[in-house]
Amino acid sequence: MTLKQALISGCALALLSVEAKAQEQGTEAPQPAAPQPAEAQPVAPVAPAPANTRTITGKVLDALTNDGLPMVRVIIKGTTKGVETELDGTFTLEIPKGPVTLLFSSQDHKQREVTVGANRDTVTASLDATFVEEMVVVGRASELARKHAANSVASVKAEDLNRAPASTVDQALQGKVAGANIQSNSGAPGGGMQLRMRGVSTINGSSAPLYVVDGVIISDVAIASGVFEVTGSVSGSNPAATQDNQVNRIADLNPNDIESIEVLKGASAAAIYGSKATNGVVIITTKRGKSGAPQLSLTQRVGSYQLANKLGSRRIDDVAEATEVFGAKAADYFQPGRIYDHEEQLASNRKLSYETLASVSGTSGDTRYYASAMVKDDEGIITNTGYEKQSFRLNLGQKFGSDVEVNTATTFIHSLGARGLTNNDNNNVSYHMVLPSTPNFVDLQASRDGTYPVNPFLPNGSNPLQTAALMRNNEDVWRLMGAADATWNAYKSDTQNLKFKANLGVDRFQQKNELLFPNELHFEPVDDGKAGTSLFATSEVLNLNTSVNVIHSYKPASGALSANTSAGFQFEQRSLDSTYITSRDLTAGQPNVDSGTQVGVRQNRQLVRDRSFFLQEEMLLMDERLTLVGSVLGEQSSNNSNADQVFFYPKIATAYRLPNLHPAVNELKVRLAYGETGNQPQYGMRYNAWSASNNIGGNSGIIGTGVAAAADLRPERQGEIEAGVDALLFNGNAVVELTVYQRTINDMLLQRAVAPSTGYTTEIFNGGELQNRGVEAMLQLTPVKTDKWEWVSNTTFALNRSTVTSMPVPAFTVGGFGTSLGAFRIEEGASATQIIGRVPRADGTCCDIQKIGDTEPDFRMAFANTVKYGNFALSFLLDWQQGSDVINLTRFLYDASANTRDYEANGAKRQKDWATNAAVYVEDASFLKVREVSLTYNLPESYATRIPGVKSARLTVSGRNLFTFTNYSGLDPEVSNFGNQAIARNIDVAPFPPSRSFWTSIDLGF
């Protein structure tokens, strides 16, 4: 039995056992027979309904989940006569003959009217969740109804997240959060995304947001695979190992397990998370068991990925042109009319991908449960690439009487990503670094005996088709996440409530990277003089966090105010241990790392401990129209020079509601908030670095790296002021949010030169100031809503501008490949994301260094629409980026080889102009993408129930990233060679090509 089969069987057995146990425990005990009377009394016949009435049956559904809604009040409009729905949402009601209007109302859903015709005897009504009643997170241990919230908090529900299958959670979020720029670094299967909220927030610090899953602060670290040992990408002007097409580990989560995602985009909302929240906080809540009988659901998806774009290459018309461009040897290979599409040959894999999902949820007595299993296999478009994932989740909730409740959430995940060989390299071995120098008239395909020809147009003979077929770049991850929290309601009265809450979280994973470049590859041993390379890397990551909180609520009988006070203490620990073993010159082609004649070992270990305490107060005044929120967090971290120093992060916010301001304005709210967050120094910055891998006269020795830390090294500090207006219009058919903000980041982590007499050359210190200003807007409309038709449209808009307002050191570059190709410069008074490069002087001579582009978009917009008609639903999402520039070095490589598709018309001129103007390879990355399209059909209940045990069935066809409309000449305007970097983004160097996916799904409910 394979590992995958074992996991499938194990998950299925676990789900069935959970369901069986729940059904067994949930079965009512047999009741004693009622005593029989001594004499049988005549039973009065049931009186028939009066001639002027009739009986109808119906069901009320949640518009998002399609689940039945219990305890919905159904009344005949204009009367007080009505009923409440049962647990499954069904109801029976006696109504007058003729047309009748029914009024449906629920505490958590929008009111709805439905007209029942004289000839109808059944009715089904779908209710939307009430926007103003949705709860949002405002602290570590508290939440408020959205109508009272004083900050902009973006929420994404499960239905919106999973309309079209996505490989990773962050991919599923693209285009759904205003102010969040979610960018794919390449098209490689298994992820590799970067999420930036409200502009750039650091230069040398961490740029990743904080992820919190069910109260657990999880790791999203991106660990290099070690492929740079073969590509030599670190040997150039960018020595950091950030060009390995890394995966950030939020990719491990199963998007189908998520109930909701809340995004705290700025310091005014995220201050309670202190020195890890400058880049925003993403709070993920997974699904919990629903009340009632066990509900089992199964989903089967089948789909495929297809190459979405190609660069093309120069068409050669005759042998004279072939030899002129590619040298005399071209005459041996050129044949008129014979062309090979190397990109298509490389990325032609169309194998089926699949995803199988199963879940069961329900309650049994005081126990609430949710269990799920997933098996996923995404086939990559390039040979020997793909992404497999298996996961199992078990969430349990248990009440002990009326005062104690315990919840646990456990997830076990395994993923295997085959990443291929892409991105920048200095040895001419990765696919799209080789293709620019390879003419399309040379045949690189394998012969009948399976051997691949040498590429005659590269000195090392590198053949990308052979490389894809024989090399291995696998990333194997095993991960366990667990969360437990306990709540004790210590005291409760009519006016007060005191409770204690404690939680514990653990996130542990092991990432194993296995890379093999066998001796048979033509570039082995040409690249380094040694035949064959094998690399084994293992990284162990452990995150622990625990907290104890006390929450006191007070609401006097007068209702003059409602106050909620919370306080708590947290302890967090993060550790990383990575080991890389590289073996070269493999004996007889053996893959083991001990079979090489040259073996090297590197290790990286990190350990960070944080402690914090907080106090927060939330008050509702003036008939709950006025909201006041204030909090302060004190935090210590071992990453600071003084690990015992406490840094404080305050927050204050207010909002005022004006309900029923106008017949068309159901709710209007103005809000204002200020907060501060931080960004810790990176691990190791506080220490004076030393290198121990040296020898002096043959003896081992330690040599200083020349980098020291300031004695008062501390977190970067961000202060943000945010103001906004929210409105609920036309009985909820229009929802408007408008937010403006200003973020000021000071005490940034910078480097400066120091006197050599100190024994060092560089010092890391705090200084400088960076400012971001922006606007965010959201408009949700329901233009049409009838018995059969419904149309919901959601539009988001965001723009941000950054400025370096103070810089205590001279202007400096951060990443890129120098001013001849474009680099990033930090200088006072300029944009933090500007691209600079050489440009001709006014007199035509070379050269001045000036701004030639900027990676910050002019604005981002998204348009999400769902149209429902009867049992059909059509959804689509358009994602629009205007502006943002990309340094297109892939085009530069093709031009330099005279092999660009448009070389004769434009490429030759670009190469000539580039000698004095780097801007010719900086391109506008504006695009409009069709992110998602899905068409769903809900089978009528009368058809679905014909299958034994089935209650509901749904068929869906969907697609992701179907079309991209752009003038960008590269493979994809969403690209970043250096991965999740703060500044050096939007560099296109031989990325993994993009793909589009098509899916067919069936969902069954039991």
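Salt-bridge annotation for Arg946 and Glu941: absent, with no side-chain N of the basic residue lying under 4.0 Å from a carboxylate O of the acidic one. Checked for salt-bridge contact, Arg996 and Glu932 miss the test: no charged N lies under 4.0 Å from a carboxylate O. Salt-bridge check for Arg146 with Glu262: failed, with every basic side-chain N at 4.0 Å or more from each acidic carboxylate O. Between Lys310 and Glu344, at least one side-chain N (NZ, or NE/NH1/NH2) sits under 4.0 Å from a carboxylate O, which counts as a salt bridge. Under 4.0 Å is where a charged nitrogen must lie from a carboxylate oxygen, and between Arg120 and Asp787 at least one such pair does. The pair Lys265-Glu776 meets the salt-bridge criterion, since a charged nitrogen lies less than 4.0 angstrom from a carboxylate oxygen. Salt-bridge annotation for Glu355 and Arg301: present, with a side-chain N of the basic residue lying under 4.0 Å from a carboxylate O of the acidic one. Using a 4.0 Å cut-off between charged side-chain N and carboxylate O, Asp879 and Lys929 make no salt bridge. A salt bridge is defined here as a Lys NZ or Arg NE, NH1 or NH2 lying under 4.0 Å from an Asp or Glu carboxylate O, and Asp252 with Arg249 meets this definition.
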Decide ring-ring contact (aromatic ring centres under 6.0 Å, His included) for Phe927 and Phe965; before the verdict, give the C-alpha distance in whole Å, the side-chain angles of both, and the deciding distance to 0.1 Å.
-> CA-CA 6 Å; Phe927 65 79; Phe965 303 95; over 10 Å; no
Let me see the working for Thr956 and Thr936 under side-chain hydrogen bond (donor to acceptor under 3.5 Å, both in side chains), right down to the final yes or no.
-> CA-CA 4 Å; Thr956 303; Thr936 298; 3.3 Å; yes
Run the numbers on Arg985 and Asn980 for side-chain hydrogen bond (donor to acceptor under 3.5 Å, both in side chains), then give the verdict.
-> CA-CA 8 Å; Arg985 301 187 177 192; Asn980 195 6; 3.2 Å; yes
For the pair Asp170 and Asn248, evaluate side-chain hydrogen bond (donor to acceptor under 3.5 Å, both in side chains) and give the outcome as yes or no after the intermediate values.
-> CA-CA 10 Å; Asp170 37 12; Asn248 46 318; 3.1 Å; yes
Begin with the C-alpha distance, continue with both residues' side-chain angles, and end with the deciding distance and a verdict on side-chain hydrogen bond (donor to acceptor under 3.5 Å, both in side chains) for Asn865 and Ser793.
-> CA-CA 4 Å; Asn865 288 268; Ser793 178; 2.9 Å; yes
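If you take OG1 on Thr299 and CG on Asn162, they are separated by 9.5 Å, rounding to the nearest 0.5 Å. Atom CG of residue Leu781 and atom CG of residue Asn794 lie 8.5 Å apart, to the nearest 0.5 angstrom. The CG atom of Leu928 lies 10.5 Å from the CD atom of Gln882; values are rounded to the nearest 0.5 Å. Glu737 contributes atom CD, which lies 11.0 Å from atom OG1 of Thr796 (distance to the nearest 0.5 angstrom). One distance of note links OG of Ser372 with CG of Leu357; it measures 8.0 Å at 0.5 Å rounding. One distance of note links OG1 of Thr411 with CD1 of Ile218; it measures 9.5 Å at 0.5 Å rounding.
Between the Thr782 side chain and the Val784 main chain, no donor and acceptor come within less than 3.5 Å of each other. In this structure a side-chain-to-backbone donor-acceptor pair under 3.5 Å is missing from Glu667 to Leu728. Put simply, the side chain of Asn279 gets close to the backbone of Ala208: a donor and an acceptor are under 3.5 Å apart. Side chain of Asn309 to backbone of Leu971: a donor-acceptor contact under 3.5 angstrom is found. No side-chain donor-acceptor contact under 3.5 Å links Arg860 to the backbone of Leu799. Panel note: side chain Gln881, backbone Ala925; a donor-acceptor pair is recorded below 3.5 Å. With Ser359 contributing its side chain and Ala371 its backbone, the two residues share no donor-acceptor pair below 3.5 Å.
Between Leu729 and Val735, the closest side-chain pair of non-hydrogen atoms is not below 4.5 Å. Contact check for Phe872 versus Leu874: no side-chain heavy atoms found under the 4.5 Å cut-off. Put simply, the side chain of Trp999 reaches to within 4.5 Å of the side chain of Ser353, judged on heavy atoms. Side-chain atoms of Asn185 and Val975, non-hydrogen and from C-beta on, never get closer than 4.5 Å to each other. Between Thr410 and Met481, the closest side-chain pair of non-hydrogen atoms is not below 4.5 Å. Side-chain contact between Pro993 and Ile382 is present, with at least one heavy-atom pair separated by less than 4.5 Å. When side chains are defined from C-beta on, Arg288 does not count as touching Tyr369, because their heavy atoms never get closer than 4.5 Å. Considering only heavy atoms from C-beta on, Val775 stays 4.5 Å or farther from Thr739 through its side chain.
The side-chain contact (heavy atoms from CB on, under 4.5 Å) search around Ala418 returns Asn474, not counting sequence neighbours. With sequence neighbours excluded, the residues forming a salt bridge (Lys or Arg N to Asp or Glu O under 4.0 Å) with Asp257 are Arg393, listed by chain and number. Scanning for side-chain hydrogen bond (donor to acceptor under 3.5 Å, both in side chains) contacts around Thr356 gives Gln300, with sequence neighbours left out. Among residues two or more places apart in sequence or in another chain, the side-chain hydrogen bond (donor to acceptor under 3.5 Å, both in side chains) test is passed with Thr866 by Arg163, Ser875. With sequence neighbours excluded, no residue forms a salt bridge (Lys or Arg N to Asp or Glu O under 4.0 Å) with Lys389. For the side-chain hydrogen bond (donor to acceptor under 3.5 Å, both in side chains) test, residues two or more places apart in sequence or in another chain that qualify with Lys785 are Asp128, Glu790.
The two residues Gly970 and Asp988 come nearest to each other via the heavy atoms CA-OD2, 4.2 Å. Looking at every heavy atom in both residues, Ala164 comes nearest to Gly959 through CB-O, 3.8 Å.
Environment of CZ in Phe963: sparse, with no more than 12 heavy atoms of neighbouring residues, nucleotides or ligands closer than 6.0 Å.
Ring pair Trp880/Phe863 is parallel by interplanar angle, where below 30° counts as parallel and above 60° as perpendicular.
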